[in-house]
Asker: 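Please find one structure pasted underneath; my questions will follow.
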Amino acid sequence: MNNDDIKWHLLNESQVYAFQVGRGTHPRDLSVKAGKIFIGGKKKQLIAGPCAVEDAKTFFKVVGKLRDLGFHLIRANLFKFRTLPTNFQGLGRDGLEILAEAKKRFGVSLVSEVMSEEHIELLSEVADVYQVGARSMMNTALLKRLGKSGKPVLLKRMFAATVGEFLAAAEYIAREGNRNIILCERGVRSFDPWMRFALDVPGIALLRKLSPLPVIADLSHSLGRTDICAPVAQAAMSAGACGVMVEVHNDPGKAASDAAQQMNPAQFRRFVKNIGLGN
Ligand code: PEP
Ligand code: MN
């Protein structure tokens with residue numbers, strides 16, 4: 001056993017504080033330029049869009065509506081983690097042209113998930129922000145490669161990771177020279193079947209205390225439902241979140257994935273009005 005093995009359980013708050021992604025190194029809040037907007041600035045931000053890009057027509061419909069409401073940072077996933085191999089896995093590289101066209105037609109910026117190092121290259125022309133899914137949070141080869149890319153990374157917290165482990169994952173990216181990291185709290189495993197995961201609101205406050213990186217709360221994947229997103233968004237932002245992420249689909253009933261948690265455009269309009277982010 002080497003020293004690291006003996007001491008792993010001693011990862012403590014002061015060590016994390018001294019990380020490159022810790023407040024000890026950078027006391028003031030950091031903001032990340034994500035496409036045309038800043039996440040972590042004065043204004044609370046919103047990332048919205050479908051669970052996955054399904055086809056050009058469906059995607060353009062929702063992107064147009066989001067853009068018209070003043071939201072320019074759009075979820076645009078081509079690669080999906082699914083529990084079952086028989087579930088829709090995303091369009092993969094066949095969707096690249098759709099993303100390029102959406103940017104051209106609507107002038108939006110895109111957040112798109114990478115599951116492997118190969119995806120980083122594939123998406124380099126169309127993604128403004130690379131998303132690391134919860135299940136990839138501990139893929140350190142992927143994190144190191146993203147660190148070298150220099151592009152903003154939306155890093156999601158694995159649903160069984162501690163706050164310390166989450167920040168250690170961010171540290172992997174930062175140590176390769178990239179501090180353009182947006183932390184995304186998306187809920188931890190819980191026992192209540194009425195909510196998909198438990199959004200860790202105190203965890204957001206602790207992340208903000210320990211790290212200057214901006215934090216976004218993913219309401220859709222944590223709650224797994226649309227009806228309580230507004231009060232939970234307020235709670236997350238009160239705890240220090242710099243904004244929220246929600247899934248929006250033009251016709252959620254027909255969605256290829258996560259149908260129950262995607263808002264339709266009317267629900268989305270009400271939601272943004274309720275949380276004071278609408279125009
Ligand atoms: C997603 O945001 O598309 C997603 C699948 O979320 P998570 O990785 O948090 O489960
Ligand atoms: Mn989803």
Side-chain angles (χ1 to χ4, degrees), residues 1-34 38-41 113-115 117 120 129-190 197-218 221-222 235-245:
M1 229 193 280
N2 65 31
N3 270 353
D4 284 354
D5 290 331
I6 297 164
K7 288 185 189 158
W8 70 267
H9 61 288
L10 296 178
L11 178 70
N12 60 36
E13 288 185 40
S14 48
Q15 270 174 291
V16 170
Y17 202 76
F19 277 173
Q20 289 190 17
V21 296
R23 288 243 183 231
T25 306
H26 200 286
R28 278 183 298 115
D29 284 354
L30 286 167
S31 73
V32 173
K33 187 162 192 291
F38 282 91
I39 297 195
E113 177 153 349
V114 288
M115 293 160 70
E117 294 174 68
I120 298 174
V129 178
Y130 290 126
Q131 175 170 316
V132 176
R135 292 154 188 83
S136 300
M137 191 205 86
M138 286 174 168
N139 181 346
T140 53
L142 183 67
L143 300 177
K144 284 182 185 171
R145 174 68 185 74
L146 286 164
K148 290 200 171 73
S149 82
K151 214 177 241 196
V153 178
L154 181 98
L155 176 65
K156 301 193 85 174
R157 177 182 177 185
M158 204 267 276
F159 41 76
T162 62
V163 165
E165 286 165 336
F166 188 22
L167 287 171
E171 184 72 358
Y172 267 94
I173 301 171
R175 279 189 187 244
E176 300 298 325
N178 184 3
R179 241 188 329 205
N180 295 310
I181 305 164
I182 303 155
L183 300 172
C184 180
E185 162 55 32
R186 47 79 71 213
V188 293
R189 268 272 194 255
S190 179
F197 292 89
L199 188 78
D200 185 7
V201 174
I204 294 174
L206 190 52
L207 285 167
R208 298 287 290 146
K209 183 192 165 202
L210 296 172
S211 170
L213 295 177
V215 178
I216 287 281
D218 176 350
H221 291 93
S222 50
M237 291 192 287
S238 294
C242 304
V244 293
M245 175 153 87

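No experiment lies behind these values; they were computed from the predicted model shown.
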Asker: Quick one: does Val188's side chain get under 4.5 Å of Arg157's, heavy atoms only?
Answerer: yes
Asker: Roughly how far, to the nearest 0.5 Å, is CZ of Arg28 from CG of Leu30?
Answerer: 8.5 Å
Asker: If you take all heavy atoms of Met137 and Ala169, which pair is closest and at what distance?
Answerer: O-CB, 3.5 Å
Asker: Are side-chain heavy atoms of Leu167 and Leu183 found at a separation under 4.5 Å?
Answerer: yes
Asker: More than 12 foreign heavy atoms under 6.0 Å from OH of Tyr172: is that the case here?
Answerer: no
Asker: Looking at Lys144 and Glu176, is there a salt bridge between them, counting it only when a charged N and a carboxylate O are closer than 4.0 Å?
Answerer: no
Asker: Look up atom CD in Gln20 and atom CG in Asn178, then write down how far apart they are to the nearest 0.5 Å.
Answerer: 11.0 Å
Asker: Please find the pair of heavy atoms, one from Thr25 and one from Arg179, that lie closest to each other, and give the distance.
Answerer: CG2-NH1, 4.0 Å
Asker: Flag the pair Arg186 and Asp200 as a salt bridge only when some basic side-chain nitrogen lies within less than 4.0 angstrom of an acidic carboxylate oxygen.
Answerer: no
Asker: Measure across Val114 and Ser136 and return the closest heavy-atom pair with its distance rounded to 0.1 Å.
Answerer: O-OG, 4.5 Å
Asker: If I compare all heavy atoms of Val16 with all of Gly164, which pair ends up nearest, and what's the gap?
Answerer: CG2-CA, 4.4 Å
Asker: Quick check: closest heavy atoms across Gly240 and Ile204, and the distance to 0.1 Å?
Answerer: C-CG2, 4.1 Å
Asker: Would you please test Gln131 and Lys156 for side chain to side chain contact (heavy atoms under 4.5 Å, CB included) and show each step?
Answerer: CA-CA 8 Å; Gln131 175 170 316; Lys156 301 193 85 174; 3.6 Å; yes
Asker: Is there a side-chain contact between Met158 and Glu165 (heavy atoms, below 4.5 Å)?
Answerer: no
Asker: What distance do Leu213 atom CG and Phe166 atom CZ have between them, rounded to the nearest 0.5 Å?
Answerer: 9.0 Å
Asker: Of the non-hydrogen atoms in Glu117 and Ala141, which two are nearest, and what is the gap between them?
Answerer: OE2-CB, 3.7 Å
Asker: Mind checking the OG1-CZ spacing from Thr140 to Arg145? Nearest 0.5 Å is all I need.
Answerer: 14.5 Å
Asker: Within the structure provided, determine whether Ile173 and Val21 are in side-chain contact (heavy-atom separation under 4.5 Å).
Answerer: no
Asker: Using a 4.5 Å cut-off on heavy atoms from C-beta on, say whether the side chain of Arg208 contacts that of Arg23.
Answerer: yes
Asker: Could you give me the CA-CA distance, side-chain angles and deciding distance for Glu13 and Val163, then say whether side chain to side chain contact (heavy atoms under 4.5 Å, CB included) is met?
Answerer: CA-CA 10 Å; Glu13 288 185 40; Val163 165; over 6 Å; no
Asker: Taking Tyr130 for the side chain and Ile120 for the main chain, is one N or O donor matched with an acceptor at less than 3.5 Å?
Answerer: yes
Asker: Find the distance between CG (Leu146) and CG (Leu155) and round it off to the nearest 0.5 Å.
Answerer: 9.0 Å
Asker: Quick one: which of Asp29, Ile181, Ile39 gives a side chain to side chain contact (heavy atoms under 4.5 Å, CB included) with Pro214?
Answerer: Ile39
